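Remember, it's a predicted structure, so these values are computed and weren't measured experimentally. For ligands, and for the atoms within them, numbers begin at 1 and follow the listed sequence.
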Amino acid sequence: MNNRLVYSEGYDFAVAGLDKLHPFDAKKFSKAWNILNDEIPDLVEYHLSPKELAADELLKLIHTSEYLKSLSQSTAIAKVVELGLLRFFPSGILARSLLDPIRLATSGTLLASQYAVKNQAMVMNFGGGYHHAFSNRGEGFCFFADAALAIKSSRISGLLQQNDNVGMIDLDAHRGNGFESFFIDDSSVSIFDMYNFQVYPGLHSGDVDDYPYMVPLQSGMSGESYLRVLREELPAFLETLKDAKLVFYNAGTDVLAGDRLGRLNLSFQHVVERDRYVLEQLKALAVPVVVLTSGGYTSESYKLVAECAKILVNM
Ligand SMILES: [Zn+2]
């Protein structure tokens with residue numbers, strides 16, 4: 001029983017009316033946790049809670065000062081979440097009710113990574129997976145590049161060596177353009193990304209043959225086809241991760257049918273099957289794993305987060 005779940009009730013967004021402006025379920029994380037509370041009697045044994053918000057001082061390891069400073073303005077925040085109306089909210093309110101939960105979840109990804117590496121464990125953070133955040137800007141609801149920060153700070157602390165093999169399996173419906181941007185010239189970090197190329201941010205650049213683990217999919221792809229492609233494509237990538245010191249799994253639930261932003265067509269059971277398959281493969285590799293929840297914009301998303309957590313604690 002080495003696996004852990006990282007969660008805090010502070011992960012929920014508290015912006016009044018946000019649910020009406022954006023398909024994101026502001027209480028997704030606490031709703032998922034409540035399911036586990038009901039179903040796992042010894043949940044407390046698995047629980048790790050981040051204590052501190054990721055402050056600018058820490059975020060400067062991967063983000064520019066200009067960008068971090070810009071987030072004190074409502075217009076900059078509104079741009080990242082693509083909700084023009086938010087620019088009329090006072091910046092103090094947005095800082096507390098939107099950015100602070102994201103800072104806490106960013107800290108959760110660091111905690112999950114440290115625990116996973118130190119204990120050879122599989123750890124799921126109930127937030128994080130902000131794979132559209134760049135060094136100098138945020139996009140697509142992603143402010144802080146949590147996974148990149150975890151790698152960078154682990155290298156600085158000596159938990160990871162510069163050339164330690166690190167992997168990212170990104171199965172969120174959207175391509176992780178932000179995460180990619182940090183490691184484009186870093187051969188120690190390898191990425192497997194299966195994504196709908198017909199939605200934001202679109203197809204990766206470069207020659208397809210140069211990016212063997214980028215797997216673009218079409219809108220509307222069925223769950224059967226999705227799982228078939230995953231089972232065909234992932235094993236070769238896993239072969240490269242045998243000596244990995246850390247592997248991230250971005251388990252975005254926006255692949256679910258009906259997700260307005262993901263536009264794929266997996267049933268609930270298909271998503272559960274996807275998560276089980278990936279986690280079983282990673283368990284067989286016996287490498288430290290961090291699962292991040294990334295995107296998911298349906299009213300069912302929290303149930304999928306809970307299902308993934310159940311798979312992990314039962315491993
Ligand atoms: Zn997404």
Problem - Cluster check Val199, Phe141: I/L/V/M/F/W/Y, side chain < 4.5 angstrom - result: no
Practice task
Consider only side-chain N and O atoms of Asp193 and Tyr211, and report whether a donor and an acceptor are under 3.5 Å apart.
Solution key: no
Problem - OD1 (Asp172) to the Zn ion (ligand 1) to ND1 (His174) angle, given to the nearest 10 degrees - result: 100°
Handout entry: Distance-only donor-acceptor check, side chains Asp243 and Asn165, under 3.5 Å
Key = yes
Fill in the blank from the handout: Atom name of the N, O or S atom of Asp254 nearest to the Zn ion (ligand 1) is OD2
Handout entry: Leu264 to Ala173 - nearest heavy-atom pair and separation
Key = CD1-CB, 4.1 Å
Practice task
May I ask you to check if any N/O/S atom from His131 comes under 2.8 Å of the Zn ion (ligand 1)?
Solution key: no
